[in-house]
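I have placed the structure first, in the form of structure tokens, so that the comments after it can refer back to it.
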Amino acid sequence: MNVVFLFSDEHSASATGYSGHRVVQTPNLDRLAEQSYTFDNAYCNSPICTPSRLSMLTGRYPHQIEAWDLGAIANPDRHRTWGHHLPDYETVLCGRTHFNGQERRMGFERRLLDDLPMWNNERGRPPRRGPDARRGSNSHVTECGPGLHPHTSYDTLATHLSVEYLTEKIGSPGNRPFLLYCGYMRPHFPLIPHPDYYDLYDPETLNLPDTWNEPLEQQHPVIQHVRWAWRNEVPPPESIVRCATASYYALITHMDHAIGRILDTIDESPLRENTVVIYTSDHGEMAGHHGIWQKQCFYEEAVRVPLMVRLPKGESGGRIEQNVSLVDILPTLLDVTGHDTPGDLPGRSLLEIARQESRQTTRAVFSEYHHMGMPDAGFMLKKGNHKLCHYVGNDPQLFDVRNDPLENEDLATDPAHQETLADLDRTLRELIDPDQVNDRCKKDQAERAGRN
């Protein structure tokens with residue numbers, strides 16, 4: 001069984017046609033979703049790039065592998081990835097991985113396209129976490145509108161090389177199955193889409209989130225500080241927000257077109273009979289919800305990601321409501337490739353979850369954040385429809401995302417929900433000691449700061 005894994009950067013689960021979005025155009029992902037097990041409640045394990053990616057590739061939570069922040073150095077001795085677990089496979093990387101340091105393959109046999117050098121934090125510099133730590137500008141939202149950008153050219157090359165590799169496999173299958181990872185920069189900011197795709201969206205007719213200009217003083221203190229640290233405390237003018245929203249949608253549609261090229265290459269060849277296709281993203285994009293752009297928090301737009309698994313012809317899939325997360329992908333790969341899953345991995349095969357959904361108890365999923373914006377650690381635990389946001393040194397938040405999908409009503413102080421709050425807090429503490437993990441992270445970041 002071959003595997004093609006398609007991985008975007010900063011794609012919120014809600015920003016797809018198959019999820020019900022009325023504007024954003026994702027015809028190829030919609031087609032893939034119709035043929036796949038599609039997981040409607042899939043979450044990243046950290047709402048920031050490098051920790052999320054290393055967590056997914058190792059099948060372990062960020063705190064288990066000390067992938068705390070964007071300065072985490074990829075280390076094959078500490079971070080055993082899919083490539084290490086599939087020694088009988090030809091494992092190939094192409095495109096965006098956001099690895100830091102000198103090790104560029106991390107257990108994979110080949111790499112067709114490396115990361116852009118600008119993204120490599122070679123010295124492992126940790127983020128500033130103090131109360132005065134702040135991004136230099138809000139260019140992640142104000143730098144928007146049609147144009148040409150190196151990220152677009154990079155993704156085009158990643159697609160070309162992936163299609164070229166698959167075409168070679170069609171012509172000469174070889175004796176070993178393969179796993180091809182194709183990583184995209186988009187729709188990660190800067191929000192500069194190709195003009196042809198920007199023209200698909202009229203900024204003036206778009207519906208903006210109801211909370212795009214939510215007053216800072218009405219929010220939880222931790223969210224207030226996150227907004228301030230990432231220069232989101234004052235919303236940009238509405239004209240900028242509209243342009244940025246159109247640009248984000250355009251980047252998604254352009255990426256969808258690239259994915260369509262890869263799907264067509266598979267579907268118009270014998271590979272369709274023996275290739276599993278997986279699509280997901282490392283985290284979402286707030287895109288103005290609650291006045292926030294980028295991610296770095298636990299609102300649904302930041303942590304819920306698209307996730308689908310298409311099997312070869314014969315099993316059609318369906319929509320799955322059970323909570324899952326990106327640490328479930330490694331057990332899934334081991335399942336579909338016929339390998340044993342180590343007993344100490346926190347995840348489970350997505351296929352097992354999908355096929356047994358009606359017979360399963362409510363499942364909890366976990367995410368964590370240790371980067372700028374939160375001077376102390378933040379943790380998320382979602383169990384059933386309820387989500388706990390635990391902030392070391394601050395009051396928690398509690399949301400019922402089924403009845404309040406926009407997360408406008410914090411239930412943490414509601415007497416009617418204290419039993420739920422206690423249950424989620426207990427489940428979180430069975431998984432980790434929040435204060436101890438926070439202390440470990442701070443110690444590691446201080447040591448790296450001393451070396452830099």
Do the two ring centres, one from [X] and one from [Y], sit under 6.0 Å apart?
X: Phe366; Y: Tyr61; value: yes
X: Trp119; Y: His188; value: yes
X: Tyr165; Y: Phe178; value: yes
X: His225; Y: Tyr391; value: no

Query raised in the report: So do the side chains of Leu180 and Ser162 get within less than 4.5 Å of each other, counting heavy atoms only?
Result: yes
Enclosure of [X] [atom1] (heavy-atom neighbours >12, cutoff 6.0 Å):
X: Asp199; atom1: CG; result: yes
X: Arg402; atom1: CZ; result: no
X: Asp88; atom1: CG; result: yes

Query - Side chains of Thr97 and Arg111, donor plus acceptor under 3.5 Å - result: yes
Query - Any donor-acceptor N or O pair under 3.5 Å, side chains His21, Tyr249 - result: yes
Query raised in the report: Backbone N or O of Gly124 within a donor-acceptor pair of the Asn100 side chain at under 3.5 Å?
Result: no
Query - Single hit among Arg448, His370, Arg125 for side-chain hydrogen bond (donor to acceptor under 3.5 Å, both in side chains) with Asp69 - result: Arg448
Query raised in the report: Of the options Leu351, Asn45, Leu350, which is the one that meets Asp328 in a side-chain contact (heavy atoms from CB on, under 4.5 Å)?
Result: Leu350
